[in-house]
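Everything below concerns the one structure shown next.
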Amino acid sequence: RSGEMAKLAQIIDNEVFRAYATYTTIVLLKMMLMSLITAYFRITRKAFVNPEDTASFGKGESAKKYLRTDPDVERVRRGHLNDLENIVPFLGIGLLYALSGPELSTALLHFRIFTGARILHTCAYLIPLPQPGRGLSWAVGYAVTISMAYKVLKTGLYL
Amino acid sequence: RSGEMAKLAQIIDNEVFRAYATYTTIVLLKMMLMSLITAYFRITRKAFVNPEDTASFGKGESAKKYLRTDPDVERVRRGHLNDLENIVPFLGIGLLYALSGPELSTALLHFRIFTGARILHTCAYLIPLPQPGRGLSWAVGYAVTISMAYKVLKTGLYL
Amino acid sequence: RSGEMAKLAQIIDNEVFRAYATYTTIVLLKMMLMSLITAYFRITRKAFVNPEDTASFGKGESAKKYLRTDPDVERVRRGHLNDLENIVPFLGIGLLYALSGPELSTALLHFRIFTGARILHTCAYLIPLPQPGRGLSWAVGYAVTISMAYKVLKTGLYL
């Protein structure tokens, strides 16, 4: 058993894989932060979607008026969904890329730019920054993922 | 080639990794169940969103009235989206955590609590249970993921 | 260090894993394409959701009229969300399945059918094809994922 553990430890000790693990964790934590921001806006804007969430405001009409959409809440939710749409491909393609034997410096460049772009995207969405701020930060993360996908398919294509 | 297979088999034979595989599969199957529940409510409540889905109810106005939202359908869909938002981080961070060499008992504790919390969350959403039932089950799964992320970054940080 | 790299290379050289890497990358790229199709319809239909996205159309009422939903945009977005709901389970369960030591021919069958079904699903959603075209293509991908989950749990169950 300790031999197996050692083998797993060797994978996680690989520098490219450690870099993947670090940046993936950071970018997933950033995505998870969107849940907290949504909750914060729902509570401060008093804008809920489930009747059971407004029970503490009383019963009947007095509580029902808080079952409404709020522009700030919807904005955070759109940012969260955009994270899902873009971070899921990074999670999968990034893992395969990390296992495809890239140069450490090249891999770091990909992971760092993607992570920076997604953090910028969230800021651009929430502040909000004028366009093309959000569009560009989205496109940079998208291009990084395409570049990693190209490396994966070039290295290991097996149809 | 059989040597490679043996090496892969060693990874999957590792007990922590097998536990990760088991609980991840369970929690992903649970998430997939939401699709069936959505379909069940769409059909029994006759509440569809795509015009082509109501073609069997006839043409024109007789079919159009089934293009509507239904509170039960929307509730399941919110539960499904919440699953995506929380299970995707578990999928990624959990894998990296399983490869970071945790104690088997500690890892099992994390995986079991997360899985239980997400099953409870779904029940709380669908029944629905009064708050803070849903909120607490969400928070427990969230905290478990943060704890695993902390272990991953502590073990393998490479910026 | 080069020893570790060699070990990682052996994983990616495994034919089942290479097949998983190839089809996962293809299906994630297909999902990413939905973002571009959404953007295409938003721009051609002039249907936006963020006020800052309509700034180039001028200020005030002249720009506000483009903050609206469009049936084609909403259709692509539903297809995109359905991809997330189904490709995330494939990503996780497929990885565990690839590491569970399946026959290469069986694994290829699973990966190819899933990928084909999801491409058909997108076509059925966007054209749109009459039902049960979309429903069947969804069900085929779903069944493939269940089949892989069964193999994972049968091989490595550790509760």
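Letters A, B, ... mirror the listed sequences (proteins, then strands); counts begin at 1.
- Remark: of the listed residues Leu91(C), Leu84(C), Val88(C), Val88(C) is the sole one forming a side-chain contact (heavy atoms from CB on, under 4.5 Å) with Val88(B).
- Side-chain atoms of Thr25(B) do not come within 3.5 Å of backbone N or O of Ala149(C) as any donor-acceptor pair.
- When the candidates Thr24(B), Leu29(B), Leu36(B), Leu81(B) are compared by the number of heavy-atom contacts under 4.5 Å with chain C, Leu36(B) comes out ahead.
- Rounded to the nearest 0.5 angstrom, Met148(C) CE and Leu28(B) CG are separated by 10.5 Å.
- Heavy atoms only, all atoms of each residue included: Arg78(C) and Asn50(B) are closest at NH2-OD1, 2.6 Å.
- Between the CG atom in Asn82(C) and the OG1 atom in Thr38(B) there is a gap of 10.0 Å [rounded to 0.5 Å].
- Within the 4.5 angstrom heavy-atom criterion, no atom of Tyr97(C) approaches chain B.
- Residue contact with chain C, scored on non-hydrogen atoms closer than 4.5 Å, involves the side chain of Leu95(B) exclusively.
- Applying the salt bridge (charged side-chain N to carboxylate O under 4.0 Å, His left out) rule to Lys46(C) yields no partners; only residues at least two apart in sequence or on another chain are considered.
- Once rounded to the nearest 0.5 Å, the distance linking CG of Leu153(C) with CZ of Arg18(B) reads 11.0 Å.
- Heavy-atom minimum distance, Tyr158(C) versus Tyr23(B): O-CE1, 3.8 Å.
- The shortest non-hydrogen separation linking Thr22(B) to Gly156(C) is OG1-O, 3.4 Å.
- Contact of Ala55(B) with chain C is not made at all, since no heavy-atom distance falls under 4.5 Å.
- Taking a 6.0 Å sphere around CZ of Arg75(B), one finds it holds more than 12 heavy atoms contributed by other residues, nucleotides or ligands.
- Identified by a heavy-atom distance below 4.5 Å to chain B, the contributing residues of residues 125-139 of chain C are Tyr125(C), Pro128(C), Leu129(C), Gln131(C), Arg134(C), Trp138(C), in residue-number order.
- When all heavy atoms of Glu85(C) and Met31(B) are compared, the closest pair comes out as O-CE, 4.1 Å.
- For Arg77(C), the CZ atom counts as loosely surrounded, since its 6.0 Å shell holds 12 or fewer non-hydrogen atoms of other residues, nucleotides or ligands.
- Atom CZ of Phe57(B) has more than 12 heavy atoms from other residues, nucleotides or ligands within 6.0 Å.
- For chain C, no part of Val27(B) is nearby; none of its heavy atoms comes within less than 4.5 Å.
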